[in-house]
Amino acid sequence: MKNLSEKVAELSKRRGFFFQSSEAYGGVSGFQTYGPEGAELKRKIENSWRETFSRALGHREIEAPTVMPEPVFEASGHLDGFDDMIIECPECGTSTRADHLVEGNTDIEEAEGFDTDQIEALIKEHDLICPSCGENLSDVEVEDFNLMFETSIGPGSGQTGYLRPETAQGIFVEFPRLKDYMRGQLPFGITQIGKAYRNEISPRKGLVRTREFTQAELEHFVDPEENEPNLDRVKDVELKLYPVSEQEKDDGEYIYATVEEAVEENIVEVDWVAYYLGIAKKWYERIGVDMDRFRFRQHQEGERAHYATDCWDAESDVGSSEEDWLEIAGFAYRGCYDLTKHRDHSGDEKDFQIFKEYDEPKTVEKNTVNPDMGFLGPEFGDKAGEIKQELERIAEEEPEAFEADKIFVEIEDETYSVPVEKCNFKVEEVTETGEHVVPHVAEPSFGVDRTVYTLLVHAYDEDEVDDEERTVLRLSEKAAPTEVAVFPLMDKEGLGEKARDVADKLRSEGFAVKYDDTGNIGKRYRRQDEVGTPFCVTIDYETLEDDGKVTVRDRDSTEQERVNVEDLASYLA
Ligand code: GAP
């Protein structure tokens, strides 16, 4: 007997939702192709996300390249830290994600935050074996494996580049231009829907863990001192929350709270995160996620990304008999981490900041230096410029240093001594009209493929119609790839022509329509049920003869109604 995920995979392959790509050449795991039904379903989800998270909130969408140069990822921290733990079987050579090996074979549910030593110790303690050949892995080293795909840009030795592991970096690096476009005013949100790439150690079959996938991300740049979310918009939205405190109790209980309560009772620590949980809950509900199989789970301490303060995931239960929770989106408050990193690495001091004007100019005391370059140049040669910059920093951050006779400046492990009288240190009164601040970022980040998968799993159903078993996808009308199927009873005696006319008319009214005249009507209904088409319209002889009526059949109830062909579009709408 097949389980739910096998049934969905089988249906998806058969009916053109998704399947293994490049199968003619054996396929490569981690890559899936969307067939016509799947591509349409995915597009609808993307468009609905765009409508909700971009247009309706007044944000703007961009499209950045998927290949980016190495310095971007040195700055973002991905080059050093975007690793998973890998263990390679010495017997059969299979590589396995070591934390997942522990999670799958012990009582530990979240091993992601552990380090390699802890994971090695657990593998030893539990005598864990290779999932492929059964070899004992107790004495095998666990290593870090960087998940980015490296590439070479241009001919010859070229420049090293990487396929972006998240669409977010394409937004952060363009911040200098985007803030100019936004006329330097906070808050503003930038969205992007596009491909991201991760060289996953153990990709799963289907859409759940692939090496190329689509993210829909929103980076909302805010001034943490001035900007607050408009909680009124979502204050009454009820959230099913699984905070760390409940996870620790492990009794399967959730906290049900409105967004307002979640903020007031500090269940969700950051207001911006709570706000986006509310918007997301409404969106998931609208596109047809089964809310009984949905929750928001707070990240445990060790699980949080390096940049995040409070972080929650949207999770859907895609299991068959027992719960099998899948992360479908993450909601993080990234603070000023990313922009500060890009500011420091790019050397674009001001460009990754916003100039925030004061209401009134302020007179402040400022510590300045005006080093004597006639002395610094001959004395320190090509280091003079850097020493000057460092003196400026010391004046700002450690002015008491100028009370001594000499200032000691450290550059790349060398110490340079500068007589204090050559620095021209002064405390001046200056009038400032504003200050440069690094915006903070609230980030809702959605996995589009996992959303597609969740909708398919939640929509999948089997029932009996006229003593026959049928498979039906109860997709919402917002998600269904085809909204109406139009059939002539048979393609004869003008029925086909009339049906094609009706189909064209519905298309011109904006419906996604499929025309089908192959096989008997029962089979055509079954085909449409399996791809989730909410309505089927049949044209018969009476349509031609009497009052121009058609039969409209409802997918879920299978009930049929006669509708005047003139009223069909408004009836369906
Ligand atoms: N910018 C933040 C970020 O990338 P993430 O939690 O690593 O956060 C966001 O990814 C979402 O992308 C996840 O919630 C998940 O839905 C999706 N995702 C991540 N890795 C994936 C993979 N290998 N295959 C399919 N979807 C994936």
Side-chain angles (χ1 to χ4, degrees), residues 17-18 21 30-68 72 76 78 148-149 162-175 177-178 181-182 188-198 207-221 276-277 279-289 305 313-314 316 326-332 334 338 441-456 475-476 478-481 512:
F17 281 98
F18 64 85
S21 68
F31 297 92
Q32 294 283 316
T33 294
Y34 284 95
E37 301 290 348
E40 188 59 41
L41 169 56
K42 179 167 179 269
R43 239 187 323 271
K44 279 189 139 183
I45 291 169
E46 288 170 1
N47 284 340
S48 166
W49 188 91
R50 181 173 280 125
E51 189 53 48
T52 303
F53 289 90
S54 208
R55 283 192 210 129
L57 300 180
H59 301 327
R60 303 306 304 268
E61 183 176 351
I62 65 160
E63 192 177 318
T66 52
V67 176
M68 301 173 87
V72 170
S76 69
H78 285 91
M148 284 198 297
F149 281 101
Y162 292 89
L163 300 188
R164 64 184 181 197
E166 56 172 3
T167 57
Q169 291 308 321
I171 299 178
F172 294 133
V173 292
E174 308 308 350
F175 182 79
R177 291 218 179 273
L178 294 168
Y181 177 82
M182 295 293 177
F188 66 85
I190 302 291
T191 60
Q192 183 166 211
I193 301 177
K195 293 285 187 186
Y197 299 83
R198 296 182 190 176
L207 301 175
V208 165
R209 190 176 308 113
T210 50
R211 289 175 166 145
E212 174 179 314
F213 54 97
T214 301
Q215 289 186 320
E217 299 201 291
L218 159 59
E219 308 304 324
H220 199 158
F221 298 99
Y276 278 115
L277 296 189
I279 305 251
K281 151 83 191 287
K282 289 206 292 186
W283 180 67
Y284 281 125
E285 206 165 25
R286 221 166 32 242
I287 60 169
V289 170
D313 285 342
S316 63
L326 175 68
E327 175 198 333
I328 54 176
F331 301 81
R334 296 177 76 127
D338 304 274
V441 173
E443 180 197 65
S445 165
F446 291 72
V448 175
D449 314 84
R450 290 186 182 180
T451 310
V452 168
Y453 184 65
T454 298
L455 290 186
L456 290 174
L475 289 170
S476 78
K478 291 248 174 313

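Since the structure is predicted, the reported quantities are computational estimates derived from the model, not experimental observations. Residues take their numbers from the sequence shown, with the count starting at 1.
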dist Ile328:CD1 -> Tyr453:OH (nearest 0.5 Å) comes out at 12.5 Å
Nearest heavy-atom approach of Ala168 to Arg334 is CB-NH1, 4.2 Å
Verify, without hydrogens or angle tests, whether Glu61 (side chain) and Ser54 (backbone) share a donor-acceptor contact under 3.5 angstrom. no
Least distance between heavy atoms, Ser21 atom then Thr33 atom: CB-OG1, 3.0 Å
I'd like to check Phe213 versus Arg450 (side-chain heavy atoms, cut-off strictly below 4.5 Å). Are they in contact? no
Review item, side-chain donor-acceptor pairs of residues 279-289, under 3.5 Å, at least two apart:
| from | atom 1 | to | atom 2 | distance (Å) |
| --- | --- | --- | --- | --- |
| Lys281 | NZ | Glu238 | O | 2.7 |
| Trp283 | NE1 | Ser48 | OG | 2.8 |
| Arg286 | NH2 | Thr52 | OG1 | 2.8 |

Are any of the side-chain heavy atoms of Tyr276 and Leu218 separated by less than 4.5 Å? yes
Salt bridge check: are Arg164 and Glu217 linked by an N-O gap of less than 4.0 Å? no
Side chain to side chain contact (heavy atoms under 4.5 Å, CB included) evaluation trace for Val72 with His78: CA-CA 9 Å; Val72 170; His78 285 91; over 6 Å; no
Heavy-atom check, side chain of Phe53 versus side chain of His59, under 4.5 Å: no
State, yes or no, whether a side-chain contact exists between Ser76 and Val173 at a heavy-atom distance under 4.5 Å. no
Charged N to carboxylate O below 4.0 Å: is that the case for Glu46 and Lys42? yes
How far apart are the closest heavy atoms of Pro481 and Ala512, and which atoms are they? O-CB, 3.6 Å
Heavy atoms, side chains only, cut-off 4.5 Å: are Leu41 and Leu456 in contact? yes
Rounded at 0.5 Å granularity, tell me how far CD in Glu166 sits from CE in Met148. 10.0 Å
Taking the side chain as every heavy atom from C-beta outward, state whether Phe172 and Glu219 have any atom pair closer than 4.5 Å. yes
To the nearest 0.5 angstrom, please state how far the CD atom of Glu40 sits from the CG atom of Asn47. 8.5 Å
Atom OH in Tyr197, atom OG1 in Thr210: separation rounded to 0.5 Å? 10.5 Å
How many angstroms lie between atom CG of Asp449 and atom CD of Gln215, to the nearest 0.5 angstrom? 9.5 Å
Can you tell if the side chain of Thr167 reaches within under 4.5 Å of the side chain of Ile193, non-hydrogen atoms only? no
Any chance the rings of Phe446 and Phe331 have centres within less than 6.0 Å? yes
First locate atom CZ of Arg43, then atom OG1 of Thr214, and finally report the distance between them rounded to the nearest 0.5 Å. 12.0 Å
Are any non-hydrogen side-chain atoms of Ile190 and Met182 less than 4.5 angstrom apart? yes
Report the C-alpha separation of Thr191 and Trp49 in whole Å, then their side-chain angles, then the decisive distance to 0.1 Å, and conclude whether the side chain to side chain contact (heavy atoms under 4.5 Å, CB included) test is met. CA-CA 10 Å; Thr191 60; Trp49 188 91; 3.9 Å; yes
Counting heavy atoms not belonging to Tyr181, are there more than 12 under 6.0 Å from its OH? no
State whether the side chain of Arg211 and the backbone N or O of Phe31 hold a donor-acceptor pair below 3.5 Å, judged by distance alone. no
Decide if the gap between the ring center of Phe175 and the ring center of Phe221 is smaller than 6.0 angstrom. yes
